[in-house]
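To start, the structure itself, in structure tokens.
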There are 2 protein chains.
Amino acid sequence: MKWSDLSDNWCPVARTLSVVGDRWTMLVLRDCFLGMSRFEQFIESSGMTRHILADRLKRLVEAGVLERVAYTTTPKRYDYVLTEKGKELAPALLSLRDWGKKHLPVRRATSA
Amino acid sequence: MKWSDLSDNWCPVARTLSVVGDRWTMLVLRDCFLGMSRFEQFIESSGMTRHILADRLKRLVEAGVLERVAYTTTPKRYDYVLTEKGKELAPALLSLRDWGKKHLPVRRATSA
DNA sequence: TTGCCATAGTTCCAAAACGACACTCAATAC
DNA sequence: GTATTGAGTGTCGTTTTGGAACTATGGCAA
């Protein structure tokens with residue numbers, strides 16, 4: 001079975017994961033919750049490649065988790081902001097954060 | 001930056017995702033919370049390939065989220081059971097479930 | 001004692017996704 | 001003019017995935 005087939009799974013966990021369950025997606029959302037909204041900000045903060053970020057943003061907009069809001073018209077540039085639907089992922093992010101704080105202490109500093 | 005470099009990230013969300021943030025891993029944990037513990041059960045329940053399941057189980061055991069408990073000695077066979085550390089991921093799973101129930105209604109039935 | 005089944009993986013290969021880096025395009029800054 | 005910034009694309013080689021077949025170990029049954 002392919003990952004993409006999960007979107008129609010009977011299980012709500014699986015359906016959620018079909019949206020946010022791949023590499024990097026949750027990190028983009030974390031940055032959104034931290035107040036970021038622009039392409040270059042996400043790149044710098046998360047360390048992911050531009051290629052993948054473009055893909056993830058597209059998916060998140062399609063899923064209704066983020067909204068593309070133009071902030072200049074020429075050239076077209078957009079802020080990516082959380083929708084209500086997106087904001088309601090906060091509890092999941094917080095749970096992941098708490099678990100990481102408790103169970104995965106930092107072993108060495110990184111510059112990211 | 002590579003995905004695997006996240007394990008030493010300053011952000012606890014990123015560190016958590018380095019363990020559970022890739023495709024399928026959370027689904028394996030969901031099945032564990034539903035009471036499953038064996039290879040073939042995970043395969044049947046999640047629809048993932050054997051290959052990937054073997055890899056994910058190995059990583060989860062290495063990460064201390066699951067524990068391998070022998071249930072026959074010849075041949076060696078194991079139950080995969082949640083450790084305390086693993087059980088504490090429950091809030092995250094529940095958050096993902098709630099979000100899916102609310103925001104991702106099923107569009108058509110599937111047999112999985 | 002040969003044959004079949006079950007469990008738990010492994011191996012192999014093709015296809016898709018990823019990672020690194022260069023390049024584009026529009027506008028503004030110097 | 002030339003350089004810089006923001007938001008991506010294009011290319012290309014490397015990993016990871018998906019699918020199917022294969023292996024290993026023992027139980028059971030004819």
Side-chain angles (χ1 to χ4, degrees), chain A residues 1-9 14 17-28 31-32 35-62 66-81 110-112, chain B residues 1-7 9 14 17-28 31-32 36-62 66-81 110-112:
Chain A
M1 187 210 267
K2 288 193 181 170
W3 177 257
S4 54
D5 296 339
L6 285 181
S7 57
D8 288 308
N9 198 275
L17 291 173
S18 75
V19 176
V20 301
D22 60 6
R23 289 177 168 92
W24 302 112
T25 297
M26 275 296 204
L27 280 190
V28 174
D31 288 344
C32 291
M36 300 180 192
S37 64
R38 303 211 175 148
F39 197 90
E40 300 296 327
Q41 287 177 316
F42 297 131
I43 287 292
E44 188 174 4
S45 165
S46 69
M48 63 198 296
T49 62
R50 325 176 66 70
H51 210 83
I52 296 172
L53 176 60
D55 176 74
R56 295 299 185 274
L57 288 173
K58 187 146 56 74
R59 287 168 187 268
L60 287 170
V61 169
E62 278 167 12
L66 295 183
E67 194 177 1
R68 235 158 71 114
V69 180
Y71 72 91
T72 67
T73 48
T74 54
K76 286 267 181 198
R77 299 234 166 111
Y78 301 91
D79 281 310
Y80 292 89
V81 299
T110 56
S111 54
Chain B
M1 187 210 267
K2 288 195 180 170
W3 176 257
S4 53
D5 297 338
L6 284 181
S7 57
N9 199 275
L17 291 174
S18 76
V19 176
V20 301
D22 59 7
R23 289 177 168 91
W24 302 113
T25 296
M26 275 296 204
L27 279 191
V28 175
D31 287 345
C32 291
M36 300 179 192
S37 64
R38 304 213 175 147
F39 196 91
E40 300 296 327
Q41 287 178 317
F42 296 132
I43 287 291
E44 188 174 2
S45 165
S46 69
M48 63 198 296
T49 62
R50 322 174 69 69
H51 200 79
I52 295 171
L53 176 60
D55 176 75
R56 294 299 185 273
L57 288 174
K58 187 147 55 75
R59 287 167 187 268
L60 287 170
V61 169
E62 279 167 11
L66 295 183
E67 194 178 0
R68 235 158 71 113
V69 180
Y71 71 91
T72 67
T73 47
T74 55
K76 285 270 182 197
R77 297 231 168 113
Y78 302 92
D79 282 309
Y80 293 89
V81 299
T110 56
S111 56

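Letters A, B, ... are given to chains in the order of the sequence lines, protein chains preceding strands, and every chain is numbered from 1. Remember, predicted model here, so these are calculated numbers, not experimental data.
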(message) Using whole Å, what does the distance between atom P of nucleotide D:dG18 and atom CG of B:D22 come to?
(response) 11 Å
(message) OP1 or OP2 of D:dG8 versus the side-chain N and O atoms of A:Y80: is any pair under 4.0 Å?
(response) yes
(request) Measure from CD on A:E44 to C1' on D:dA7 and round the result to the nearest Å. (result) 15 Å
(request) Look at the side chain of B:R68 and decide which nucleotide, out of C:dA20, D:dA7, C:dG9, has an atom nearest to it. (result) C:dG9
(message) Can you measure A:L53 atom CG to D:dA7 atom C1' for me and round it to whole angstrom units?
(response) 10 Å
(request) Flag the pair B:R56 and B:D22 as a salt bridge only when some basic side-chain nitrogen lies within less than 4.0 angstrom of an acidic carboxylate oxygen. (result) yes
(request) Measure from CG on A:D55 to P on C:dA17 and round the result to the nearest Å. (result) 8 Å
(request) Output the single nucleotide from C:dA8, D:dG18, D:dA7 whose closest atom is nearest the side chain of B:T49. (result) D:dG18
(message) Just the rounded figure in Å: distance from P of C:dA8 to CD1 of B:I43.
(response) 10 Å
(request) Give a yes or no answer on whether the side chain of B:T72 reaches the backbone of B:P75 with a donor-acceptor pair at less than 3.5 Å. (result) yes
(request) Tell me whether the OP1 or OP2 atom of D:dT17 has a side-chain N or O from B:R56 closer than 4.0 Å. (result) yes
(request) May I ask you to decide if A:G21's main-chain N or O and A:T25's side chain share a donor-acceptor pair within less than 3.5 Å? (result) no
(message) From the set D:dG10, D:dT17, D:dG8, return the single nucleotide nearest to any side-chain atom of A:R50.
(response) D:dG8
(message) Taking the minimum atom-to-atom distance to the side chain of B:A54, which one of D:dT17, D:dG6, C:dT10 wins?
(response) C:dT10
(message) In this structure, how many angstroms lie between the P atom of D:dT4 and the CZ atom of A:R77, rounded?
(response) 16 Å
(request) Kindly say if B:W3 contacts the phosphate of C:dA17, meaning a side-chain N or O under 4.0 Å from OP1 or OP2. (result) no
(request) Taking A:E44 for its side chain and A:Q41 for its backbone only, find out whether a donor-acceptor pair lies under 3.5 Å. (result) no
(request) Go through C:dA8, D:dG26, D:dG6 for me and flag the one nearest to the B:P75 side chain. (result) D:dG26
(message) Considering every strand and a 4.0 Å limit on heavy-atom distances, what is the contact class for A:Y71: base, sugar-phosphate, or nothing?
(response) sugar-phosphate
(message) Output the rounded distance in Å from CZ (A:F42) to P (D:dG6).
(response) 14 Å
(request) Would you mind telling me which of A:V81, A:L60, A:V61 makes a side chain to side chain contact (heavy atoms under 4.5 Å, CB included) with A:E67? (result) A:V81
(message) Go nucleotide by nucleotide along DNA chain D from the 5' end; which of A:Y78 and B:I52 gets its closest nucleotide reached first?
(response) A:Y78
(request) Return the value, rounded to whole Å, for the distance between atom CZ of A:F39 and atom P of C:dT24. (result) 17 Å
(request) Go through D:dG8, C:dA27, C:dA17 for me and flag the one nearest to the B:R23 side chain. (result) C:dA17
(request) Check every atom of C:dG19, C:dC12, C:dA26 against the side chain of B:H51 and return the nucleotide holding the closest atom. (result) C:dC12
